[in-house]
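Lettering follows sequence order; numbering is per chain, from 1. Below, each value reflects all heavy atoms present in this structure, side chains not excepted, and no hydrogens, waters or symmetry copies.
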4 protein chains.
Amino acid sequence: MIAPALTWQDRSSVRGEMQADEQTRPRTKRLPRSVRERQILDAAVDVFAAQGFHPASMDEISETAGISKPMIYAYLGSKEELFVACIRREADRLLEAIRGAVGEDLRADQQLWRGLRSFFEYTQEHRSSWAVLHRQALAQGEPFSGELAEWRRQAMELISVLLARATAASDQPMQPEQMQPFAAALVGAGESLVDWWIENPGHTADGMAMRLMNLVWMGFGDLVEGRDWKPE
Amino acid sequence: MIAPALTWQDRSSVRGEMQADEQTRPRTKRLPRSVRERQILDAAVDVFAAQGFHPASMDEISETAGISKPMIYAYLGSKEELFVACIRREADRLLEAIRGAVGEDLRADQQLWRGLRSFFEYTQEHRSSWAVLHRQALAQGEPFSGELAEWRRQAMELISVLLARATAASDQPMQPEQMQPFAAALVGAGESLVDWWIENPGHTADGMAMRLMNLVWMGFGDLVEGRDWKPE
Amino acid sequence: MIAPALTWQDRSSVRGEMQADEQTRPRTKRLPRSVRERQILDAAVDVFAAQGFHPASMDEISETAGISKPMIYAYLGSKEELFVACIRREADRLLEAIRGAVGEDLRADQQLWRGLRSFFEYTQEHRSSWAVLHRQALAQGEPFSGELAEWRRQAMELISVLLARATAASDQPMQPEQMQPFAAALVGAGESLVDWWIENPGHTADGMAMRLMNLVWMGFGDLVEGRDWKPE
Amino acid sequence: MIAPALTWQDRSSVRGEMQADEQTRPRTKRLPRSVRERQILDAAVDVFAAQGFHPASMDEISETAGISKPMIYAYLGSKEELFVACIRREADRLLEAIRGAVGEDLRADQQLWRGLRSFFEYTQEHRSSWAVLHRQALAQGEPFSGELAEWRRQAMELISVLLARATAASDQPMQPEQMQPFAAALVGAGESLVDWWIENPGHTADGMAMRLMNLVWMGFGDLVEGRDWKPE
DNA sequence: GATGAATGAGACTTCATTCAT
DNA sequence: TATGAATGAAGTCTCATTCAT
């Protein structure tokens, strides 16, 4: 490794003190594209979550990622494309977590319970992911809300199928399509509870999931009379 | 003897006229401050709802309102203050509508039903109000999300008290504080259902309210067994 | 005096609290033009002195004067014309004070002494006048600095003549034109000392005048050897 | 081995070129930061001197410098910060010139004489510097006048020490603090004489310095009797 | 590949000034 | 006469994006 010759960057600047911490970032380290893309996305999710889409500046994302702006444009395109990539990645991750938890072979209420629990666990551990997905994607209109709609569609399908299967043995079996609004309501209730949870910490993910499960499975009608739902 | 002000239902027509004859409108028609303020707020709500907070430009708001920018700043302050004023006005209106519908003398489930119905009716008729309140206020962070939080706090208090009263006669009476997460979940479910409704039109406000009522009052557990809730 | 009928101004505004102190200003009092003009000039001098020419707003001047903006424009013209009027009035006042103090019949050093003393007295009592004249007029370029130049011309003429007369009996009598640069230097020294005085209070006008008198009449050369000038 | 930077005397020619070929200048010539900063400061001083702080627009400064506005903001901050940077640079330069001329080993009157001469030489050659420092900084209030005050403080200290030393051998030795008002008066006299000089050209810097020297060293009292001060 | 340097475009905001009552 | 209401014009500042090294 040969020490690089003096480049123009070494010329001392009149305002040198503003560049004090530049040393901490290694210069010109060649990394494979996939690693770079993940660094960028990680930084972008954090910044978008903290600032919101518009206030977030490409400068801040570039500094947070430790990668120069031209690289970001080269790898992930414009700011809008970057934001879409963030939404997609986070949506996939959350869905994957829930799908994995729901499984395939349990009774419907058990599956729902596990899904809800994993949802609360995930959002607790990945605040930024959730903020980007829930708050930002919704507010920025097309084409971003379309990405969110796609996530909701998949989440609702998961739930609709699950609920429809639960009615299969009853005397009023229902189609997944009929369960859609209920699934939508459930998703919204979960989203709202996460927000409430953030402002009222001190509850476990299990506790949160239990509350929601009781509400949607037993209903207020049962709850007010003292009947509640318990995991087995 | 209070002269009745124009109610908010009048505003779309008022604005419609102002846009229609924009070409012929005299440059300087003197109107009292209160009228101008309402024109500005109406336009701002529409533009904020359609574009989002940051993409909305004061230029567009001023054109939509048919009022020059300096007047907007003179009457309602900065863009942020204008946005807050929008949020507050719409939150108050929605809460007022729900409070009026809930009444005071009915059984808890009847009150809840009427509240839900008025919620869906209101959001159907005032898309822009709802979009500003639900989507935009949430995403823009402080101080705007604080305004939304205040609205939620009031909505949740309304519901919490209602639900707590419903349990008064049971052998497990509950305090309003204990009902808070359920209220949060209900609010979120309602918000989410409105979004679903927008993308799946063709349902009445009554039908939407009924669905939500069945979910939260009966619960899936009852629903999957064919038991549902009906208004009397 | 009949209570005025309800005018449009009485219609309560949505933001009524911002107009709380409007009662304190009597409305529509007819005053002779000269009084109004003095009110305006007084306010303008204060505001220009405190803010500077450009940052001073016609709104603030109008509020300080208790007179509406259209009146100001009607009486004294544009902002620039108003500023010129301020400069002229204050310059005339200061010159008048000095001319009165100098008198006509005394010995040259006595005249100079009295002129200097009145200068320090005046600037001490009329800070705003001085600030407008000295600081603002100078910085705003033409046509305002021209007004200041006119004041300086007159002040320098007063001094030049005085100094020239003092040399009349010597063997090297001088013309007033030859004394101009000395007069300019004296004026500048006085202006600068006023600034120093403001930041170093605790001296009397007499003391300040004495210092300047000693400097310009005796010179450092005498001062450093212990010879100084005293009023008789 | 320090490569000599362009000295400030070079700047007028540098700027002259940049304005001359503005039409043909390539859009994006990469120059090191320090060069750009000097270009910006040079242009800013000229524009601030010609227009005054408020009337000067960042657009005009950017055009004069041949550099786009965002670069100005990136390198030197807001308009106010840019103005402060101008004041500081010019104040430092002027002080440096005077300090260099005064030297350390001469008799007090000789030192004063050389300092005054260099002051007039400098202000003659750098009109814009002087205008920014003297006229603009004073009028714009805090925080700008504070910068000027700092310059005055240093200039006065230089003079105070010099004068105090001159009295060391007399029977009434004085402290530098006692000489402050005299120093202030001297500075003001010099500033005012420069203004007079601008409107009455045709005198040499030596001649101007001699006039001031005679005034402050000999005093009118001596002058009117025909005694004057001469350099050796 | 990687980055400091550079900019066109557009946003918010304010102000001097005038109009209509 | 006197004033609240109204606006055209202009200024500061920021940002997404691209060049040239």
Side-chain angles (χ1 to χ4, degrees), chain A residues 7-9 11 13 19 22 25 27-31 33 36 54-62 67-75 77-80 82, chain B residues 26-33 35-36 54-62 67-75 77-80 82, chain C residues 7-9 13 19 22 25 27-31 33 36 54-62 67-75 77-80 82, chain D residues 26-33 36 54-62 67-75 77-80 82:
Chain A
T7 69
W8 58 265
Q9 289 145 358
R11 291 179 212 164
S13 147
Q19 306 173 336
E22 281 197 7
R25 186 210 301 177
R27 293 184 170 284
T28 324
K29 198 192 287 178
R30 308 292 169 109
L31 291 175
R33 176 167 186 136
R36 277 281 153 94
H54 274 99
S57 75
M58 296 299 275
D59 268 311
E60 184 171 354
I61 292 171
S62 137
I67 292 172
S68 69
K69 274 188 296 178
M71 282 291 92
I72 296 180
Y73 281 89
Y75 280 150
S78 70
K79 189 185 186 185
E80 300 205 348
L82 174 59
Chain B
R27 271 290 133 196
T28 52
K29 199 192 291 176
R30 308 306 163 97
L31 293 175
R33 179 169 188 143
V35 173
R36 286 293 196 209
H54 275 101
S57 78
M58 295 299 273
D59 267 316
E60 182 169 355
I61 293 172
S62 113
I67 294 170
S68 69
K69 271 188 295 178
M71 281 287 92
I72 298 180
Y73 282 90
Y75 284 162
S78 70
K79 190 184 185 185
E80 298 205 350
L82 174 60
Chain C
T7 69
W8 59 266
Q9 289 145 356
S13 145
Q19 306 173 335
E22 280 198 8
R25 186 210 303 176
R27 292 184 170 283
T28 322
K29 197 193 287 179
R30 309 293 170 105
L31 290 175
R33 177 164 188 139
R36 277 281 152 93
H54 274 100
S57 74
M58 295 298 274
D59 268 312
E60 185 171 353
I61 293 172
S62 135
I67 293 171
S68 70
K69 274 190 294 180
M71 281 291 91
I72 297 180
Y73 281 89
Y75 281 150
S78 70
K79 190 186 185 185
E80 300 205 348
L82 173 60
Chain D
R27 271 291 133 195
T28 52
K29 200 191 293 176
R30 305 307 163 98
L31 293 176
R33 181 171 185 138
R36 286 293 197 209
H54 275 102
S57 79
M58 296 299 273
D59 268 316
E60 182 169 356
I61 292 173
S62 117
I67 295 171
S68 69
K69 269 186 298 177
M71 282 287 91
I72 299 180
Y73 282 91
Y75 284 161
S78 68
K79 189 184 185 184
E80 298 204 350
L82 174 59

>> Just to be sure I understand: a Watson-Crick pair is purine N1 to pyrimidine N3 plus N6-O4 or O6-N4, both under 3.5 Å. Using that and G-U wobbles, which stems of three or more pairs involve DNA chain F?
In response: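 When the pairs of DNA chain F are grouped into runs of at least three, the stems are E:2-21 with F:2-21.
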> Partners of C/Lys69 by salt bridge (charged side-chain N to carboxylate O under 4.0 Å, His left out), sequence neighbours excluded?
Replying inline: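 Salt bridge (charged side-chain N to carboxylate O under 4.0 Å, His left out) list for C/Lys69, sorted by chain: C/Asp59.
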> Does some side-chain heavy atom of D/Ser62 sit less than 4.5 Å from a side-chain heavy atom of D/Ile72?
Replying inline: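 Yes, at least one pair of side-chain atoms sits under 4.5 Å.
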> Are D/Leu82 and D/Ile61 close enough that some pair of their side-chain heavy atoms sits under 4.5 Å apart?
Replying inline: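 Touching, per the 4.5 Å side-chain cut-off.
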>> Restricting to side chain to side chain contact (heavy atoms under 4.5 Å, CB included), what partner residues turn up for A/Tyr73, sequence neighbours left out?
In response: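 With neighbours one apart ignored, the set is A/Met58.
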Let me know the distance between [atom1] of [X] and [atom2] of [N], rounded to the nearest Å.
| X | N | atom1 | atom2 | value |
| --- | --- | --- | --- | --- |
| D/Arg33 | E/dA6 | CZ | P | 10 Å |
| B/Ile72 | F/dT7 | CD1 | P | 10 Å |
| A/Leu82 | F/dA16 | CG | C1' | 12 Å |
| D/Leu31 | F/dA20 | CG | C1' | 12 Å |
| C/Glu60 | E/dA16 | CD | C1' | 15 Å |

> Taking only side-chain nitrogens and oxygens of A/Tyr75, does any of them come within less than 4.0 Å of OP1 or OP2 of E/dA2?
Replying inline: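 Yes, A/Tyr75 has a side-chain N/O under 4.0 Å of OP1/OP2 on E/dA2.
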> Quick one: is A/Arg36 getting a side-chain N or O under 4.0 Å of the E/dG1 phosphate, OP1 or OP2?
Replying inline: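 It does not, given that no N or O in the side chain of A/Arg36 lies less than 4.0 Å from OP1 or OP2 of E/dG1.
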> By side chain to side chain donor-acceptor pair (under 3.5 Å), which residues pair with D/Ser78, not counting sequence neighbours?
Replying inline: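 Side chain to side chain donor-acceptor pair (under 3.5 Å) check on D/Ser78 returns D/Glu81.
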> B/Glu60: what forms a side chain to side chain donor-acceptor pair (under 3.5 Å) with it, not counting sequence neighbours?
Replying inline: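 Side chain to side chain donor-acceptor pair (under 3.5 Å) check on B/Glu60 returns B/Gln51.
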>> Looking at every non-hydrogen atom in both residues, tell me the closest pair between B/Ala56 and B/Lys79 and how far apart they are.
In response: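 It is O-NZ, 2.7 Å.
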>> Return the CD1 to OH distance between B/Ile67 and B/Tyr75, rounded to the nearest 0.5 Å.
In response: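 So the CD1 of B/Ile67 and the OH of B/Tyr75 are separated by 8.5 Å.
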Can you check nucleotides 12-14 of chain F for protein contacts, nitrogen or oxygen pairs under 3.5 Å, and list what you find?
residue	atom	partner	partner atom	Å
F/dT12	OP1	D/Ala56	O	3.3
F/dT12	OP1	D/Lys79	NZ	2.7
F/dT12	OP2	D/Met58	N	3.0
F/dC13	OP2	D/Tyr73	OH	3.0
F/dC13	OP2	D/Lys79	N	2.9
F/dC13	N4	D/Lys69	NZ	2.5

